Undergrad: 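If you scroll down you'll find the structure; I have some questions about it.
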Amino acid sequence: MTTVLVTGGAGYIGSHACKALKAAGFTPVTYDSLITGWEDAVKFGPFEKGDLLDRARLDEVFATYQPVAVMHFAALSQVGESMKIPGLYWKNNVMGSLNLIEAAVDAGVKSFVFSSTCATYGEHDNVVLDEMTEQLPINAYGASKRAVEDILANFGEANGLDHVIFRYFNVAGGDPEGEVGEHHRPETHLIPIMLEAIDGKRPALTIFGTDYDTPDGTCIRDYVHVCDLVEAHVLGLKWLLDGKGSRVFNLGTGDGFSVREVIDRSRAVTNKDVPYEEGPRRAGDCTKLVSGSTRAESELGWTPARSTMQQMIEDAYRWHRTGHYNK
Ligand code: UFG
């Protein structure tokens, strides 16, 4: 079977990707430091503990498994934290990725799938965000991901490292079979925090800013189901293995939801009110991030079938109540 090295395979998106890769006939080898990941989320292939900054360990893992491709999820991904401790993001996300890319090239890998973000676009008033939109990140997280995109472009030219870059919008939901799900420590994402507030695990959700230039004053985001997102990765991997070359794809649905709209939708799923309070803006948050591209649909044949807000909250809520969430 064809082996793929999955960095961050013990994390939220990476663990769902491993499940999808296995279902598609690949062997996913997880490489994860467990700083933010969970060993018991590694269920679909071998596990190798290691840090991206440890080149010797990376070389050892490449030599052992000889993967045909790398899927690179491992990263710090909190916008707020990146504004407070930017050095962490430049070290882990940029230096760590450079280390990984060099190790992959030296091991003869020719195909690389990278998880980037719509946070690389930054603030664009009334502009439809597609893959050609200028990348002007306003937070260190987005800047670190854009830097890795640049590194990949250089290694693509110089070393023939073909790469598919996915710029995610807001990932939500969980495996409908409940084998894996979203679990961050500390939790910072809107939907899981909202579910914790609903179930009394925290006193209230704080809405970060109600004075944005949007219809209800709260930030607007484009939410995409994690299972749809990882299906796109399998399609991106096949695209590379078929020799179709480097390409960038947005992964979003094109539908924007404000924070208040997400809160409203949750009532229909949970039959419970969300205790919330209104607070100040969170540093680094863009007003509106919504995808304006259908490139992934038209070129990869991607269908984001599960990405309705109702389904994402339903799947997140089921996982949230299984107990895995409460470790
Ligand atoms: N929000 C709140 N209260 C909370 C948490 C979030 O009001 O307690 C708001 C945020 O201000 C934002 C929206 O809910 O407007 C979504 O916030 P998340 O933290 O869930 O997601 P982000 O948009 O900040 O970031 C996520 C990923 C990033 C990715 C980004 C792209 O964490 O990796 O989506 O938008 F880059």
Side-chain angles (χ1 to χ4, degrees), residues 8 11-14 36 72-84 89 92-93 114-124 129 133 135-146 148-149 165-173 182-198 201-214 216-226 229 250-266 274-291 309 312-313 316:
Y12 169 42
I13 301 172
T36 57
H72 179 31
F73 296 97
L76 297 173
S77 64
Q78 293 174 26
V79 170
E81 180 186 64
S82 83
M83 296 303 283
K84 291 186 185 132
Y89 282 72
N92 280 281
N93 294 1
F114 177 56
S115 80
S116 187
T117 168
C118 64
T120 60
Y121 293 124
E123 289 278 11
H124 292 271
L129 299 176
T133 304
Q135 291 173 287
L136 299 167
I138 63 163
N139 53 60
Y141 168 64
S144 74
K145 289 284 185 173
R146 187 187 61 177
V148 179
E149 292 195 16
I165 292 171
F166 287 116
R167 295 187 188 137
Y168 308 166
F169 286 71
N170 285 54
V171 189
E182 182 169 17
H183 188 193
H184 296 105
R185 57 186 164 193
E187 191 50 74
T188 61
H189 294 99
L190 176 62
I191 292 177
I193 284 182
M194 184 181 72
L195 296 175
E196 286 180 7
I198 283 175
K201 291 175 189 139
R202 62 173 68 222
L205 162 76
T206 303
I207 298 180
F208 295 143
T210 53
D211 60 346
Y212 284 96
D213 185 16
T214 60
D216 67 20
T218 65
C219 292
I220 294 177
R221 295 287 182 272
D222 177 340
Y223 293 83
V224 56
H225 196 292
V226 65
L229 186 98
N250 276 1
L251 292 180
T253 65
D255 292 329
F257 289 85
S258 72
V259 175
R260 289 194 205 278
E261 284 171 333
V262 173
I263 292 172
D264 285 345
R265 296 297 178 102
S266 78
V274 181
Y276 71 85
E277 60 194 16
E278 297 180 358
R281 291 183 179 200
R282 180 174 65 178
D285 274 346
C286 295
T287 305
K288 180 177 175 181
L289 288 168
V290 177
S291 179
M309 184 51 72
M312 287 184 279
I313 296 174

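In this text, all values refer to a predicted model and were calculated from it rather than measured experimentally. Start at 1 and go down the list; that is how both ligands and their atoms are numbered.
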Undergrad: Keeping the roles fixed (side chain from D222, backbone from T253), state whether a donor-acceptor pair exists under 3.5 Å.
TA: yes
Undergrad: With no hydrogens and no angle check, is any side-chain donor or acceptor of D285 less than 3.5 Å from a backbone partner on C219?
TA: no
Undergrad: Tell me: protein heavy atom nearest atom 3 (N) of ligand 1, and distance?
TA: T206 O, 2.7 Å
Undergrad: Evaluate Y141 for polar contact with ligand 1, using N/O atom pairs at a separation under 3.5 Å.
TA: yes
Undergrad: Could you tell me whether R282 approaches ligand 1 through its side chain, its backbone, both or neither, with non-hydrogen atoms closer than 4.0 Å?
TA: side chain
Undergrad: Mind checking what makes ring-ring contact (aromatic ring centres under 6.0 Å, His included) contact with H124, not counting sequence neighbours?
TA: none
Undergrad: Of the protein's non-hydrogen atoms, which lies at the shortest distance from atom 5 (C) of ligand 1, and what is that distance?
TA: T188 O, 3.4 Å
Undergrad: Which residue and atom name correspond to the protein heavy atom nearest atom 9 (C) of ligand 1, and how close is it?
TA: V259 CG2, 3.8 Å
Undergrad: Which option, F208, Y223, F257, owns the non-hydrogen atom nearest atom 13 (C) of ligand 1?
TA: Y223
Undergrad: Under the side chain to side chain donor-acceptor pair (under 3.5 Å) test against Y121, which residue among Q135, R167, R146 passes?
TA: R167
Undergrad: Mind checking whether R221 contacts ligand 1 via backbone (N, CA, C, O), side chain (CB onward), both or neither, at a 4.0 Å heavy-atom cut-off?
TA: side chain
Undergrad: Would you say the side-chain atoms of T218 pair up with the backbone N or O of V259, donor to acceptor, closer than 3.5 Å?
TA: yes
Undergrad: Just by distance, no angles: are the side chains of T188 and Q78 close enough, under 3.5 Å, to form a donor-acceptor pair?
TA: no
Undergrad: Looking only at heavy atoms, is any part of L205 under 4.0 Å from ligand 1, and if so is it the side chain, the backbone, or both, or is it neither?
TA: side chain
Undergrad: Among protein heavy atoms, which sits nearest to atom 31 (C) of ligand 1, and what does the distance come to when rounded to 0.1 Å?
TA: C118 SG, 3.2 Å
Undergrad: Ignoring hydrogens, what is the shortest heavy-atom contact between T120 and E149? Give both atom names and the distance.
TA: CG2-OE2, 4.2 Å
Undergrad: Around atom 11 (O) of ligand 1, find the nearest protein heavy atom and jot down its residue, atom name and distance.
TA: D285 OD2, 2.6 Å
Undergrad: How about Y212 and R281: do any of their side-chain heavy atoms sit closer than 4.5 Å?
TA: yes
Undergrad: For atom 20 (O) of ligand 1, which candidate among L190, D222, T218 holds the nearest heavy atom?
TA: L190
Undergrad: Among N170, V290, V79, which one has a heavy atom closest to atom 22 (P) of ligand 1?
TA: N170
Undergrad: Distance under 4.0 Å to a non-hydrogen atom of L289: what atoms of ligand 1 satisfy this?
TA: 35 (O)
Undergrad: Over 60° means perpendicular and under 30° means parallel, so classify the ring planes of H184 and H189, tilted if in between.
TA: tilted
Undergrad: Considering heavy atoms of the protein only, find what lies nearest to atom 15 (O) of ligand 1 and give residue, atom and distance to 0.1 Å.
TA: C219 CB, 3.0 Å
Undergrad: Show the atoms of ligand 1 that are less than 4.0 angstrom away from any heavy atom in I207.
TA: 7 (O)
Undergrad: Strictly distance-based, threshold 3.5 Å: is any side-chain N or O of E182 a donor or acceptor partner for the main-chain N or O of A172?
TA: no
Undergrad: Please write down residue, atom name and distance for the protein heavy atom closest to atom 32 (O) of ligand 1.
TA: H189 NE2, 2.8 Å
Undergrad: Which of the numbered atoms in ligand 1 are below 4.0 angstrom from a heavy atom of A119?
TA: 36 (F)
Undergrad: Working to the nearest 0.5 Å, report the span between NZ of K145 and OH of Y89.
TA: 10.0 Å
Undergrad: Please list, in number order, the atoms of ligand 1 under 4.0 Å from a heavy atom of I193.
TA: 8 (O)
Undergrad: N/O of T117 under 3.5 Å from N/O of ligand 1, yes or no?
TA: no
Undergrad: Of all residues at least two apart in sequence or in a different chain, which pass the ring-ring contact (aromatic ring centres under 6.0 Å, His included) check with Y223?
TA: none
